[in-house]
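To start, the structure itself, in structure tokens.
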Amino acid sequence: MSIVQPSRPNEQPGGGGPPPEAPVEIELKLRVAPGDLARLRGADVLTRIAAGPGTTRSLTSFYYDTPDCALQRRGVTLRVRRIGQRFVQSLKTERRGDGLARGEWEVALPAMVPAPEAFDDPEAKALLDGVPVEALTHLFTSRIQRETRILSLPDAVVECAFDTGTIETRDASDPVAEVELELKEGRAAALYRLALSFLDEVPLRVSEVTKAERGYRLVARRPPGVMYDPKTPLTSRMTVDEAIATVLARCLRHWTANEAAAEDGGDPGGVHQMRVALRRLRSALALFKKTVPSPTLDWLREEAKWLAGALGPARDWDVFLNATVEPLDTMRPDDPGIGALRAAAQRQREAGYAAVRQALADPRCARLHLTLGEWLERRGWRDHASTATLTALVEPIDGLAGRLIGRAHRKVATRGRHRARLDPHQRHQVRIALKRLRYAMDFFRPLYPEKRAKPFASQLSKLQDAFGHLNDVATAEALLARLTGESADPALHRAAGMVLGWHARGAESTEPELLAQWDAFRAVRPFWTIRGE
């Protein structure tokens, strides 16, 4: 059911939400094991706030699209649901902005047959405009047993739905066991607080994946998608307070959008982009620490560091296999040593992804997600803020942005000033400083004319690539040492020696290029200091 959620002046939940007049669904979805779902139903934390015993219904939903999934490509879902003797057609959009809101329109139908023309809202009509109604076909079905309770909180009313059942195609199915928390009145922060109280009772996971998305994956038989290059939608009209919310919400969205792909492991980009998102999050928290000195910042940074660390081995073995083993295998496809090297690395990669799945299932991960989401929704950095901090928060972001990028730029210059004499540890520190500069620049880049920012960004990217290559070599050598230490296979040791020799030759040729890129980077003018066009 849609609600119209009023917005605070100059604010949108999660750093970017729908216009206040748009019909929206604000919902938080939680994955819970079937046995734990039963325990949660009877938990005191739930019964104390439930307004009555609740209701149980059987829901059968048919999802429709064209054979080439025209609706999915538009980011909308068309569903017809049978609820008892009633039939309801729903049109839903993907998440709007980085909060929990999605557009939702509903209309009653006389039968279990889609009728897109029944929507009379102009926005719904626009979303469906041009879609050939005659081509719509039934793609998949969800069959759900839903127990619903209305929960009365001090600052919100929430509909809590316990869903069990299946999502089905003609030849595949996927079990469902989840809790949906839908906001009826109040603020979205209440959903996160409620979920945290549930987490104290049973293990659970926050899920970004809707039933519709799961159905489309069953139909297409492909792994979850990967989100790349999440541009931060800052504008010069934003205050510091709004910019903090927008940057952090985009980091959270980048992380959660890639969690399913990281867990699946079918696309190496999933775990890589999730790690990038967590590094961006940690960098953003560090950037804003002096502006909003909240103790929560430090806790969030440490927890994000833990989670990123749990993803590290899987990513290292992905890079090793793709950047080191694959080229050798192409050049020497029949070499038994390279085959042994690949097999050993694959086993390590599988162990790395097992660790990824263990970390994602750890309640510690869910607590980090829920705590950050709640903190963002209620602007927790304002808690106990001084008058000076509150004053700084209402200033335009432009001035602070330049100072923060400049501070990150100076750290790079300081750590790399003796560039020709840096040991491996010092070079690693320069590489980290370069990444933090890159993240700071990316956060605030929309505030500056692109023709000013592009030359600096291009040269920074080249320098990062040079330092990144050296780091990949060092990581590969450490991984080789591990593989050879665990195996007595002479063919594997011979292949490892081949890789080490290859890297040694490459490092010699990289050194002059690294120094040249450093000089070119130091010569390019910082775009945030340029006045005018």
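Note that this is a predicted model, so its numbers are computed, not measured.
Pairs of residues two or more places apart, or lying in two chains, never qualify as ring-ring contact (aromatic ring centres under 6.0 Å, His included) while including a residue from residues 268-311. Under the side chain to side chain donor-acceptor pair (under 3.5 Å) criterion, the residue pairs touching residues 351-363 are Asp318-Tyr353, with sequence neighbours excluded. Among residues at least two apart or in separate chains, side chain to side chain donor-acceptor pair (under 3.5 Å) pairs with a member in residues 320-331 are Glu326-Arg342, Asp329-Arg342. Sorted by first and then second residue, the side chain to side chain donor-acceptor pair (under 3.5 Å) pairs with a member in residues 489-499 read Asp335-Arg494; sequence neighbours excluded.
A salt bridge does not link Arg367 with Glu303: none of the charged nitrogens is closer than 4.0 Å to a carboxylate oxygen.
There is a side-chain donor-acceptor pair under 3.5 Å between Glu513 and Gln517.
Formation of a donor-acceptor pair under 3.5 Å by the Arg79 side chain with backbone atoms of Tyr64 is not found in this model. Without hydrogens or angle criteria, Ser207 side chain to Val209 main chain gives a donor-acceptor distance under 3.5 Å. Proximity of a side-chain donor or acceptor of Asp264 to a complementary backbone N or O of Pro224 within less than 3.5 Å is not detected.
Here Trp375 and Tyr192 keep their ring centres 6.0 angstrom or further from each other.
Scored by the side chain to side chain contact (heavy atoms under 4.5 Å, CB included) test, Asp163 finds Ile144, Arg146, Ala161, Val176, Glu178, Glu180, Lys211 as partners (sequence neighbours excluded). Applying the side chain to side chain donor-acceptor pair (under 3.5 Å) rule to Asp334 yields no partners; only residues at least two apart in sequence or on another chain are considered.
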